[in-house]
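Each residue takes its place number in the sequence, starting with 1.
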Amino acid sequence: PTPTTNTSQTALACPEGGDAVSQDYYYIQGSNTSVQLQISNDLCTLVLTNGESFKPVGRSYSGNDWEPAAGDFASLVWFDCSGTICNVTLPDPSIYDGNYYYQLTSFVTPPNVNVMARFLEQITFGTTRSDL
């Protein structure tokens, strides 16, 4: 999918996931761009990417505040959270060579029914003693 430009002043929410990983893309450009991010109940990550290379910036999960990710951005970003919204000033993506942009990605926990079905499938059709 082609990245879209986020021009709204509202807090960005992580994409809603389905059965697979759900991704949403934002071009957040300009030097020291201030962005609002909603706190996520599922694992939501913010990365700087050009589609091939990914540099982790931060994450929110289980209703916790956004926190910086280890790596290049650990000392460059700081999340100021209040309620369900966190403010962050993102470094200009043009400092990296290539067409980099920021991307939000959700990793949704499968419903309990899927977890139980996977467990039952694994224990039901496994190797038997006679097979050994």
Side-chain angles (χ1 to χ4, degrees):
T2 303
T4 57
T5 303
N6 175 48
T7 57
S8 69
Q9 296 300 317
T10 60
L12 299 176
C14 286
E16 292 185 25
D19 293 332
V21 173
S22 175
Q23 296 181 353
D24 205 353
Y25 302 87
Y26 298 100
Y27 275 136
I28 303 172
Q29 299 175 334
S31 181
N32 295 324
T33 302
S34 183
V35 176
Q36 290 185 329
L37 299 171
Q38 290 182 8
I39 292 173
S40 179
N41 288 321
D42 295 309
L43 173 60
C44 183
T45 62
L46 175 65
V47 297
L48 181 66
T49 183
N50 63 1
E52 295 177 11
S53 172
F54 297 88
K55 300 177 185 302
V57 178
R59 67 183 179 179
S60 176
Y61 57 93
S62 300
N64 294 313
D65 290 350
W66 277 86
E67 58 189 38
D72 295 349
F73 289 92
S75 62
L76 296 177
V77 296
W78 180 69
F79 294 92
D80 180 22
C81 300
S82 178
T84 60
I85 304 295
C86 294
N87 295 300
V88 62
T89 300
L90 298 172
D92 185 351
S94 68
I95 62 174
Y96 294 95
D97 292 334
N99 295 317
Y100 279 89
Y101 55 93
Y102 290 98
Q103 173 182 317
L104 287 175
T105 305
S106 288
F107 299 88
V108 180
T109 305
N112 288 339
V113 173
N114 291 345
V115 173
M116 289 185 295
R118 184 172 43 236
F119 173 74
L120 290 172
E121 212 170 63
Q122 290 172 344
I123 64 167
T124 304
F125 301 106
T127 305
T128 64
R129 287 186 185 259
S130 62
D131 291 336
L132 298 174

Say you draw a straight line from [atom1] of [X] to [atom2] of [Y]; how long is it, rounded to the nearest 0.5 Å?
{"X": "Leu43", "Y": "Ser40", "atom1": "CG", "atom2": "OG", "value": "7.5 Å"}
{"X": "Ser53", "Y": "Leu48", "atom1": "OG", "atom2": "CG", "value": "8.0 Å"}
{"X": "Asn87", "Y": "Trp78", "atom1": "CG", "atom2": "CH2", "value": "9.0 Å"}
{"X": "Ile39", "Y": "Ser62", "atom1": "CD1", "atom2": "OG", "value": "12.0 Å"}
{"X": "Asn41", "Y": "Ser60", "atom1": "CG", "atom2": "OG", "value": "8.0 Å"}

Less than 4.5 Å apart, side chain to side chain, heavy atoms only: is that true for Leu90 and Leu46?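 Answer yes - side chains close enough.
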Asp80: what forms a side chain to side chain donor-acceptor pair (under 3.5 Å) with it, not counting sequence neighbours? none
Donor-acceptor pairs are to be reported for all side-chain atoms of residues 63-77 against protein atoms at under 3.5 Å, with residues two or more places apart or in another chain.
unit_1	atom_1	unit_2	atom_2	d
Asn64	ND2	Tyr61	O	3.0
Trp66	NE1	Gln38	O	2.9
Glu67	OE2	Arg59	NE	2.6
Glu67	OE2	Arg59	NH2	2.8

Thr105 side-chain N/O to Thr45 backbone N/O, donor-acceptor pair under 3.5 Å: no
Please test Thr49 against Tyr101 for side-chain contact (heavy atoms from CB on, under 4.5 Å), starting from the C-alpha separation and ending with a verdict. CA-CA 6 Å; Thr49 183; Tyr101 55 93; 3.7 Å; yes
Could you pull out the closest heavy-atom pair between Phe79 and Leu37, with the gap in Å? CE2-CD1, 4.0 Å
Going by side-chain heavy atoms closer than 4.5 Å, which hydrophobic residues are tied to Val47, directly or by a chain of links? Phe54
Decide whether Val35 and Leu104 are clustered together by the hydrophobic rule: side chain heavy atoms of Ile, Leu, Val, Met, Phe, Trp, Tyr closer than 4.5 Å, transitively. yes
